[in-house]
Protein chains: 2
Amino acid sequence: MDEIEVPVRRLTFGALFREPYAHYLGWLYARLQERGFPDIRVAHSAVLRTIDAERGSRVTTLAERAGMTKQSMAYLVDSLVELDYLEIVPDPDDKRAKLARLTRRGRKLVATAGALGAEYEALLAGRIGADEMAELRRLLTIVVDALPGWTPGEGGEDK
Amino acid sequence: MDEIEVPVRRLTFGALFREPYAHYLGWLYARLQERGFPDIRVAHSAVLRTIDAERGSRVTTLAERAGMTKQSMAYLVDSLVELDYLEIVPDPDDKRAKLARLTRRGRKLVATAGALGAEYEALLAGRIGADEMAELRRLLTIVVDALPGWTPGEGGEDK
DNA sequence: CTATTTAGACAGTTATTCTGACCATACCGC
DNA sequence: GCGGTATGGTCAGAATAACTGTCTAAATAG
């Protein structure tokens, strides 16, 4: 008896990570737009993910954490200041330095983005099942913890 | 007896997908550079992932598949022609149209990138264990299959 | 107190993507 | 087989997102 060939899709490794992430990004920024943050762009997340939410952070610190140049980070911070998500205050500890700090609106944005992340996760759990979602989270956490210090070509950046 | 608090890191949902993907991208392009493709950039992958490897594809088709405008895709195709990864030939089926087709070098690039994807997967399996890797692949495949047609805000793009 | 390091700013460049306006060819209805 | 619409592609211009290089001012180490 011949077997019927069941074409089990073997996605390329890149697609496995890229497609879920791309979908999540598209969803997230669409929701942010609806919820009163139409002017926020993906690049801004490099700032929002790395900033000290209470005290604020120096551009230099943000640049290091995000793995980009000071100039590039300064550009992003400027644009967030323009949009009233950040304000610049002098750093009391160093007269050369300034702190970029979240405004009220900035804090709302960060809170909303966090809630949306959880919302997406719940949505996905609804599609694939809560058990599978928990297992996926477990495995991805293991992966993330296994990453640091692999290749000399670095790899702490993103979009 | 008091429990000792074990701080189980709960990563944000975004980080769960972003960090592995970013690490993979950094690794992949560092390896491509070493293996004779120093001039290839992340944006080019939108072309290489979507092109018909034998026949070649029209810019319009590539743009649709990659979820970008014809103009943007034309820019990427141009740059790959410049770098001798693609060549432009007339489409025999339509006198208006042209096909972008892989050159010998282009075919080598695609083959190398595919092999590197598998290599990275093996490397990761070595770190987290083959069983866990198989489970991760299973779950991510489920996720990718569950994605299409969610949000009106689309979501088929990436870097 | 001087030399070095650090924080940030300014200038210029490149890459990646978008919109809008076009042109030429193909295809469809009559 | 002609006229209108759809389709494939291009040109021009702009916005965004990074980069390198240079420079000033303040802080810190000896």
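- One finds a side-chain N or O of B/Thr69 lying less than 4.0 angstrom from the OP1 or OP2 phosphate oxygen of C/dC18.
- If you take CE of A/Met73 and P of C/dA7, they are 14 Å apart, rounded to a whole angstrom.
- Listed nucleotides D/dG9, C/dC18, C/dA9 differ in distance to A/Lys98; the shortest reach to its side chain belongs to C/dA9.
- An OP1 or OP2 oxygen of C/dA7 is reached within less than 4.0 angstrom by a side-chain nitrogen or oxygen of A/Arg58.
- The nearest whole Å value for the distance from the CG atom in B/Leu62 to the P atom in C/dT16 is 16 Å.
- In this structure, of D/dA26, C/dC18, D/dT10, it is D/dA26 that holds the atom nearest to the side chain of A/Asp94.
- Counting to the nearest Å, the P atom of D/dA12 and the CG atom of B/Asp78 are 13 Å from each other.
- Not a single donor-acceptor pair under 3.5 Å links the side chain of A/Ser57 to the backbone N or O of A/Leu62.
- Residue B/Thr60 places at least one side-chain N or O closer than 4.0 Å to OP1 or OP2 of D/dG9.
- You'll find that the side chain of A/Arg96 is closest to D/dA26, out of D/dA26, C/dA9, C/dT16.
- Side-chain proximity of A/Leu76 to the nucleotides D/dC19, D/dA18, D/dT10 is greatest for D/dA18.
- Nearest-nucleotide assignment on DNA chain D puts the 5′-proximal partner with B/Val59, out of A/His44 and B/Val59.
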Walk me through it: do A/Arg35 and A/Glu119 pass the test salt bridge (Lys or Arg N to Asp or Glu O under 4.0 Å)? CA-CA 14 Å; A/Arg35 300 202 190 180; A/Glu119 198 179 313; 2.9 Å; yes
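- Ion pairing between a basic and an acidic side chain is recognised when a charged N comes within 4.0 Å of a carboxylate O; A/Arg137 and A/Glu121 show such pairing.
- For B/Met68 and C/dT19, the CE to P distance is 11 Å, given to the nearest whole Å.
- We find that NZ of A/Lys70 is positioned 7 Å from C1' of C/dT6, with the value rounded to whole Å.
- When rounded to the nearest whole Å, the span between CG of A/Asp93 and P of C/dG8 equals 12 Å.
- Side-chain nitrogen and oxygen atoms of B/Lys95 include none within less than 4.0 Å of the OP1 or OP2 phosphate oxygen of D/dG8.
- By the 30° and 60° cut-offs, the orientation of the rings of B/Phe13 relative to A/Tyr120 is tilted.
- We find that A/Arg65 and A/Asp52 are not joined by a salt bridge, their nearest charged nitrogen and carboxylate oxygen being 4.0 Å or further apart.
- In this structure, the OH atom of A/Tyr75 is 18 Å from the C1' atom of C/dG8, given to the nearest Å.
- Rounded to whole angstrom, the span from the CD atom of B/Glu64 across to the C1' atom of D/dT7 amounts to 11 Å.
- On a pure distance criterion of 3.5 Å, no polar donor-acceptor pair joins the side chain of B/Gln71 and the base of D/dG13.
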